[in-house]
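Report on one structure; see the data block that follows.
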Protein chains: 2
Amino acid sequence: MTTQEQREQDRQSEGQGAGRGQEQALDVFAQLCPSRAMFAELADKWSLLILMCLAELGAQRFSGLQRAVDGVSRKMLTQSLRTLERDGLVRRTVHPQTPPRVVYDLLSPGRELAALVTPIGRWTELNTERMLAAREEFDALHAGAAEE
Amino acid sequence: MTTQEQREQDRQSEGQGAGRGQEQALDVFAQLCPSRAMFAELADKWSLLILMCLAELGAQRFSGLQRAVDGVSRKMLTQSLRTLERDGLVRRTVHPQTPPRVVYDLLSPGRELAALVTPIGRWTELNTERMLAAREEFDALHAGAAEE
DNA sequence: CTGTATCCGAAATGATACTG
DNA sequence: CAGTATCATTTCGGATACAG
């Protein structure tokens, strides 16, 4: 039995034990599962930063987001926002003016997800020094790896 | 004042208020901050799946991981594991045998991070249907977008 | 079994110019 | 302001062959 099959059986057992009518067949570890595609889409630098940013700062205009998410190009920002909007995580509101004013904010699913993502951003900040130190050590050990 | 500068000042105020000696200068939103580079490295499909996998299944051999993280190639698996090892998140243990036996498991930082990542994987599975539905609706609305 | 090295097509991304 | 369109470049990532 493969690991994939084992995992599926585990989850089916759980589902039956709890008596839930909805089978939990979705599995991000399975290559062909739709949830894997969704996960791959969300597990993206820009998407996660945008979600965190909207959660932290609240509703933002396009230009505001571009300033907040430092380094993102208009192209990538547009693209990521479209995807997030399409999946129902972000709402795009156009105020008909000249010049146009477009505001983005999080919908409920987006807020849920952002609440899970933000701690990872914070963790990364708090642990960057440690990881950089580990990296130096690793590189030092593997620099002259053909000795003795 | 830019959003970046505002954020930095916010955090400095927090730090001063709490009287912490270590200034929290790291910011994943800042393009040039080392933590941004770390975040970009971690915010990767394969890295996150590997972390979740090791947390869920415990220590795993290379071949075990390749089966568990369905669809990953040897190349990407090796590459991601090297990065995680280099940053001190994953430990690689070689048991000198023929054929060689290599086991990977999480170090403390890796376990910490995996604990934050796993909920995102679970959330994705639980919300995939909803996001796919939103996507259909979005696509339907924007299919004939040049009417009226 | 656990990799490494190389080739190569596909996809992501930045820069730039243009538009409503 | 808020994008879109296009091009150039880089990077990703799979396939394959080879190695300890």
Side-chain angles (χ1 to χ4, degrees), chain A residues 2-3 31-32 36-37 39-50 53-54 59-86 90-105 138 142-143 145-148, chain B residues 2-3 31-32 36-37 39-50 53-54 59-86 90-105 138 142 145-146 148:
Chain A
T2 69
T3 307
Q31 185 177 17
L32 301 158
R36 160 69 78 85
F39 183 80
E41 196 174 279
L42 297 173
D44 167 68
K45 183 178 48 166
W46 298 130
S47 299
L48 298 185
L49 285 172
I50 290 169
C53 196
L54 287 174
Q60 289 290 310
R61 301 179 57 171
F62 185 86
S63 52
L65 278 173
Q66 187 161 20
R67 260 178 285 111
V69 182
D70 191 25
V72 70
S73 64
R74 264 173 308 181
K75 181 179 178 178
M76 294 320 300
L77 183 56
T78 301
Q79 187 174 320
S80 299
L81 283 170
R82 280 287 172 287
T83 302
L84 293 173
E85 184 195 0
R86 193 164 91 109
V90 161
R91 176 174 55 180
R92 176 176 181 268
T93 309
V94 183
H95 298 81
Q97 305 174 0
T98 37
R101 176 186 169 85
V102 180
V103 175
Y104 294 90
D105 63 340
F138 182 92
H142 294 66
E147 346 268 284
E148 299 148 54
Chain B
T2 69
T3 306
Q31 184 178 16
L32 300 159
R36 160 70 77 85
F39 183 80
E41 196 175 280
L42 296 173
D44 166 69
K45 182 177 51 168
W46 298 130
S47 299
L48 297 185
L49 285 173
I50 290 169
C53 198
L54 286 174
Q60 288 291 310
R61 301 181 56 173
F62 184 86
S63 51
L65 278 173
Q66 188 161 20
R67 258 177 286 112
V69 182
D70 192 25
V72 69
S73 66
R74 262 174 310 179
K75 181 181 177 176
M76 287 299 100
L77 182 56
T78 301
Q79 191 173 5
S80 299
L81 282 170
R82 280 286 172 286
T83 301
L84 295 173
E85 184 196 1
R86 193 163 93 108
V90 160
R91 177 174 54 181
R92 176 176 180 267
T93 308
V94 183
H95 296 84
Q97 305 173 0
T98 39
R101 175 186 170 85
V102 180
V103 175
Y104 294 89
D105 63 341
F138 182 93
H142 293 68
E148 293 149 58

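A note on names: the letters A, B, ... follow the listed sequences, proteins ahead of strands, and every chain is numbered from 1.
The side chain of Y104(B) contributes an N or O atom lying less than 4.0 Å from OP1 or OP2 of dG3(C). Taking only side-chain nitrogens and oxygens, R74(B) never comes nearer than 4.0 Å to OP1 or OP2 of dG13(D). Contact between the side-chain N/O atoms of R61(B) and the OP1/OP2 oxygens of dT2(C) is found at a separation under 4.0 Å. Between dA2(D) and S63(A), a contact under 4.0 Å exists linking OP1 or OP2 to a side-chain N or O.
When the nucleotides dC1(C), dC1(D), dG3(C) are ranked by their closest atom to the side chain of F62(B), dG3(C) comes out on top. Proximity note for R82(B) (side chain, C-beta onward) versus dT2(C), dT4(C), dG3(D): the nearest is dT4(C).
Here dA2(D) presents its P atom at 10 Å from CD of Q97(A), a figure rounded to the nearest Å. Between the CG atom of L77(A) and the C1' atom of dA2(D) there is a distance of 10 Å, given to the nearest Å. One can place CD of E85(B) at 9 Å from P of dG3(C), the figure rounded to the nearest angstrom.
Between T83(A) and S47(A) the shortest side-chain heavy-atom distance does not fall below 4.5 Å.
No more than 12 heavy-atom neighbours from other residues, nucleotides or ligands sit within 6.0 angstrom of CZ on R91(B).
Side chain of R101(A) to backbone of T93(A): no donor-acceptor contact under 3.5 angstrom is found.
With values rounded to the nearest 0.5 angstrom, R67(B) atom CZ is found 8.0 Å from Q60(B) atom CD.
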For nucleotides 12-14 of chain C, print each protein N/O atom paired with a nucleotide N/O atom at under 3.5 Å, atom names and distance only.
from, atom 1, to, atom 2, distance (Å)
dT13(C), O4, K75(A), NZ, 3.4
dG14(C), OP2, S73(A), OG, 3.3
dG14(C), O6, K75(A), NZ, 2.6

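Here the closest non-hydrogen pair linking L42(A) and L48(A) is O-CD2, 3.1 Å.
Residues meeting the side-chain hydrogen bond (donor to acceptor under 3.5 Å, both in side chains) test with R92(A), sequence neighbours left out: Y104(A).
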